[in-house]
Amino acid sequence: MKIYNTLTKSKQEWKPLEPGKVKMYVCGPTVYNYIHIGNARPMVVFDTVRRYFEYKGYQVNYVSNFTDVDDKIIKRAIEEGVDADTISKRYIAECKKDMEGLHVRPATKHPLATEEIDGMLEMIQTLIEKGYAYVAADGTVYYRTRKFQEYGKLSHKNIDDLQAGHREIQVTGSDGKEDALDFVLWKPKKEGEPYWTSPWCDGRPGWHIECSVMAKKYLGEEIDIHAGGEDLIFPHHENEIAQSEACNGKTFAVYWMHNAFLNIDNKKMSKSAGNFFTVREISEKVDLQVIRFFMLSAHYRSPLNFSADLVEASKNGLERIVTSVEHLNYLLENGQNGKITAEEEQMLAEAEEFVKKYEAAMEDDFNTADAIAALFELVKYSNTHASGENTKTYLKKLKEKILVLCEILGIEAEKEQDCLDAEVEALIAERTAAKKEKNFARADEIRSQLLEMGIELKDTREGVQWKRI
């Protein structure tokens, strides 16, 4: 397996720190509103990475935080006349609903920034003692960026050319910086804001320190993979490296993975452009299973364009897979009992070649686009190499191959068994009888009646199949 490492700007052979285990940290959202469609991409991408590792037999410790203290949360709380905790708890709950809709599994641990303050105070104190941080006159604690010799190694920026990070938290007392590039570890409280007591001043943490502390506490001083959107490379992940490696004296993360941006109709998503959509808004129009499938239709390091046409194409592609599984289920109802035949064994061996293509794609830096192409080949093979004359054993094994590959992608290809009421079953039976009697007018009349009832019929060589529409 090879993984593209942002740190080295190259694909590297996968080698875990501990055999059979993966320690993985993924930066989570700041919870001041519903998550937007851009937030969803890293959630879906790295959930899929986790699923593939588990498929290969690894034990994955997957940690993803919620930033529940932040300027945006405080601003929202003031606007609503409630405390910040009310806002963060509300949107953590809503985020989890959207994650469930996207089939993003809960992390091994979802730590909250507000519950890890003691660890942050401890790490900041260590950085001060080691000379990597200093306290300004107003109690603000800054990190000495230039003291960390390798600063810029992740973003591949020269420190002399750097300006303050575009997502750096603005703080009072910035005149207290020794250097313009120094960033905040702890900041004094403001009127009406939540705060904690520290040796330096009553205040709250800067943004970057929380992830360094959480990764260390729940995964250890050295981790296998740190991941997130490419917008986090600088300054957030760069600053995490500086904090963690200066404090611990060890390499923080071996592999750094970053997904590319998601655009809307070839334009950068923004509220001012009127193309800013939350996952909740989209879920009212499109099944989130389709959105997940769409998210995986391109390689995670490639920009992804969200448009109605591309989403519709994903919907149709997903339907092909679901229909194929439904067809196999229909065949299983009428399949032959008995021992699997030599011919069927050969067909399963041929089908396994598509599984190998899928695995090869996933092991080449998790190329889900090529993996999905291999899955489509397997579906096509299934459609042409399965019939009511096959044994149930063969049909089950063929279906299982499809379902396993879909499970890695987080796609539910097999819908719960649906039952028809007696009236609909009677109409289908009457239509079958009408066709035998060559009363095609009545057969067409019943088909139209069923369509109005939301039941679509399909005549196949194995008999009549139906689905709800």
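Computation of the quantities below employed the complete heavy-atom set of this structure, encompassing side-chain atoms and omitting hydrogens, waters and symmetry-equivalent molecules.
Checked for salt-bridge contact, E115 and K217 miss the test: no charged N lies under 4.0 Å from a carboxylate O. Taking a cutoff of 4.0 Å between a charged side-chain nitrogen and a carboxylate oxygen, R280 and D98 qualify as a salt bridge. Salt-bridge formation is not detected for the pair K396/E400: no Lys NZ or Arg NE/NH1/NH2 atom is positioned less than 4.0 Å from an Asp or Glu carboxylate oxygen. Taking the charged nitrogens against the carboxylate oxygens, R105 and E407 do have a contact shorter than 4.0 Å, which makes a salt bridge. A salt bridge between E222 and K23 is absent, with no side-chain N of the basic residue lying under 4.0 Å from a carboxylate O of the acidic one. Ion pairing between E79 and K75 holds under the 4.0 Å rule for side-chain N and carboxylate O.
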Give every donor-acceptor pair under 3.5 Å between a side-chain atom in residues 353-360 and any protein atom, sequence neighbours left out.
unit_1	atom_1	unit_2	atom_2	d
K357	NZ	E377	OE1	3.2
K357	NZ	E377	OE2	2.6
Y358	OH	L405	O	2.7
E359	OE2	Y55	OH	2.5

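Counting non-hydrogen atoms of neighbouring residues, nucleotides and ligands closer than 6.0 angstrom, the CD atom of Q149 reaches no more than 12 such neighbours. Heavy atoms from other residues, nucleotides or ligands lying under 6.0 Å from CD of E122 number 12 at most. The number of heavy atoms from other shown groups lying within 6.0 Å of NZ (K56) is above 12.
Residues F366 and W14 place their aromatic rings such that the two centres sit no closer than 6.0 Å. Checked against the 6.0 Å centroid threshold, H36 and F276 count as a close aromatic pair. Aromatic rings from Y134 and Y143 are positioned such that their centres are separated by 6.0 Å or more.
Closest heavy-atom contact between L398 and A351: CD1-CB, 4.0 Å.
K147 forms a cation-pi arrangement with Y132, by the criterion of a distance under 6.0 Å to the ring centre and an angle within 45° of the ring axis. Y151 does not carry R146 over the face of its six-membered ring by the limits of under 6.0 Å from the centre and within 45° of the normal. Cation-pi geometry between R301 and Y4 is satisfied (NZ or CZ under 6.0 Å from the ring centre, within 45° of the ring normal).
When the salt bridge (Lys or Arg N to Asp or Glu O under 4.0 Å) test is applied to E312, no partner is found at least two apart in sequence or on another chain. Here N5 pairs with L7, T8, Q12, Y255, W256 under the side-chain contact (heavy atoms from CB on, under 4.5 Å) rule; sequence neighbours left out. Checked against side chain to side chain donor-acceptor pair (under 3.5 Å), H236 has the following partners two or more places apart in sequence or in another chain: H208, E240. Listed by chain and residue number, R204 satisfy the salt bridge (Lys or Arg N to Asp or Glu O under 4.0 Å) test with E193 (two or more places apart in sequence, or in another chain). Under the rule for a side-chain contact (heavy atoms from CB on, under 4.5 Å), the partners of Y32 that lie at least two apart in sequence or sit in another chain are T30, K72, I73.
When only modelled atom types and interatomic distance are considered, H258 and T6 share a side-chain donor-acceptor pair under 3.5 Å.
Each of F66, Y218, Y25 was checked for a ring pair (Phe, Tyr, Trp, His ring centres under 6.0 Å) with H110, and the lone residue meeting it is F66. Tested against V379 for a side chain to side chain contact (heavy atoms under 4.5 Å, CB included), the candidates V322, V325, I321 yield a single pass: I321.
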